[in-house]
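One structure below.
What you see is a predicted model, and the numbers here were worked out from it, not measured in a lab.
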Amino acid sequence: PCRLQSRTRRLEVHSYPPQSLRKRNLTLRKYLVLLSIVVFGSVGDTLLARGMKDVGAIDVHHLARVFSALANPWILFGIVCLLAFMSSYMTALSFADLTYVLPATAIGYVILALLSRFWLHEHVSPQRWAGIALISLGVGLVAGGPSRTEHPPAVVADAEAVPERK
């Protein structure tokens with residue numbers, strides 16, 4: 001007679017590199033990547049805003065005007081900064097979860113408001129400062145958590161018909 005035996009095998013599913021090879025703590029290099037996201041994002045957005053004040057209003061229905069805006073040095077340098085931001089952002093997402101990276105770089109809102117106020121001479125209302133303060137408080141709540149979600153190894157049940165010999 002044959003008896004159905006159930007065997008359970010543990011299969012470890014790893015993302016590359018395996019967790020055993022990955023450091024759990026953020027290193028100085030990783031903090032610098034997060035800082036570069038904040039700096040390049042804030043400065044890039046501010047440079048684009050500065051350039052668009054020179055160019056004036058544009059409309060996507062007039063593509064020649066859109067492309068002529070690219071000749072403005074403020075806009076070009078802003079685009080370069082935003083490309084550096086994107087590269088840093090992709091690097092950060094390779095070693096940390098989005099739910100860690102986005103809040104950890106939210107201090108950029110403060111830097112952006114300061115640049116807007118003191119370099120672009122924009123009016124930042126008390127209501128906006130209050131919103132920025134709330135964002136900063138929220139960052140404090142999530143910044144203490146782990147940078148990467150840990151997933152336990154998967155357990156797979158494997159049922160095989162094994163003839164029992166007597």
Side-chain angles (χ1 to χ4, degrees), residues 8-53 55 58 60 66-67 69-70 72-158:
T8 302
R9 291 187 288 171
R10 291 182 70 85
L11 298 176
E12 293 189 20
V13 180
H14 292 287
S15 61
Y16 185 79
Q19 188 63 32
S20 59
L21 299 178
R22 202 180 323 138
K23 290 184 179 180
R24 292 179 186 257
N25 296 331
L26 292 179
T27 61
L28 176 62
R29 175 185 273 167
K30 291 177 180 179
Y31 279 117
L32 290 175
V33 169
L34 293 174
L35 178 64
S36 69
I37 292 171
V38 170
V39 170
F40 285 127
S42 300
V43 171
D45 287 339
T46 306
L47 289 170
L48 281 179
R50 171 65 174 84
M52 289 310 298
K53 287 178 190 273
V55 171
I58 60 173
V60 294
V66 173
F67 288 117
L70 295 175
N72 184 293
W74 296 109
I75 292 175
L76 283 178
F77 192 50
I79 290 171
V80 169
C81 285
L82 290 173
L83 287 172
F85 158 80
M86 184 59 69
S87 174
S88 300
Y89 196 63
M90 290 167 57
T91 301
L93 290 175
S94 73
F95 65 76
D97 290 340
L98 176 63
T99 55
Y100 179 82
V101 172
L102 202 56
T105 59
I107 193 70
Y109 291 116
V110 175
I111 294 171
L112 188 66
L114 291 171
L115 286 171
S116 297
R117 172 67 183 98
F118 295 109
W119 188 53
L120 298 178
H121 305 289
E122 294 181 356
H123 173 71
V124 181
S125 69
Q127 191 175 22
R128 287 186 186 170
W129 285 117
I132 292 168
L134 286 174
I135 290 170
S136 299
L137 288 172
V139 167
L141 291 174
V142 294
S147 63
R148 181 67 93 171
T149 303
E150 300 295 328
H151 298 286
V155 177
V156 179
D158 185 18

Indicate the atoms forming the closest heavy-atom contact of [X] with [Y], along with that distance.
X: I37; Y: A92; result: CD1-CB, 3.6 Å
X: S136; Y: V110; result: OG-CG2, 3.4 Å
X: L34; Y: T105; result: O-CG2, 3.8 Å
X: V101; Y: A96; result: CG2-CB, 3.8 Å
X: I75; Y: G51; result: CG1-CA, 3.7 Å
X: A69; Y: V55; result: CB-CG1, 3.9 Å

Is the side chain of S87 donor-acceptor paired with the backbone N or O of A84 at a distance under 3.5 Å, no angle test? no

To the nearest 0.5 angstrom, please state how far the [atom1] atom of [X] sits from the [atom2] atom of [Y].
X: I111; Y: D45; atom1: CD1; atom2: CG; result: 12.0 Å
X: R50; Y: S116; atom1: CZ; atom2: OG; result: 13.0 Å
X: L32; Y: T27; atom1: CG; atom2: OG1; result: 8.5 Å
X: W74; Y: K53; atom1: CH2; atom2: NZ; result: 12.5 Å
X: L93; Y: L102; atom1: CG; atom2: CG; result: 9.0 Å
X: S88; Y: L83; atom1: OG; atom2: CG; result: 11.0 Å

For L70 and I79, run side-chain contact (heavy atoms from CB on, under 4.5 Å): C-alpha distance rounded to whole Å, both residues' side-chain angles, the deciding distance at 0.1 Å, then the answer. CA-CA 9 Å; L70 295 175; I79 290 171; 3.6 Å; yes

Might you work through the side-chain contact (heavy atoms from CB on, under 4.5 Å) test for M52 and N72, ending with a clear yes or no? CA-CA 9 Å; M52 289 310 298; N72 184 293; over 6 Å; no

Test log, rule side-chain contact (heavy atoms from CB on, under 4.5 Å), inputs L47 and W119: CA-CA 10 Å; L47 289 170; W119 188 53; 3.7 Å; yes

Can you list the steps and then say if F85 with V39 is a side-chain contact (heavy atoms from CB on, under 4.5 Å)? CA-CA 8 Å; F85 158 80; V39 170; over 6 Å; no

Between R128 and E122, is there a side-chain N and carboxylate O pair less than 4.0 Å apart? no

Within a 6.0 Å radius of atom OH on Y89, are there more than 12 heavy atoms belonging to other residues, nucleotides or ligands? yes

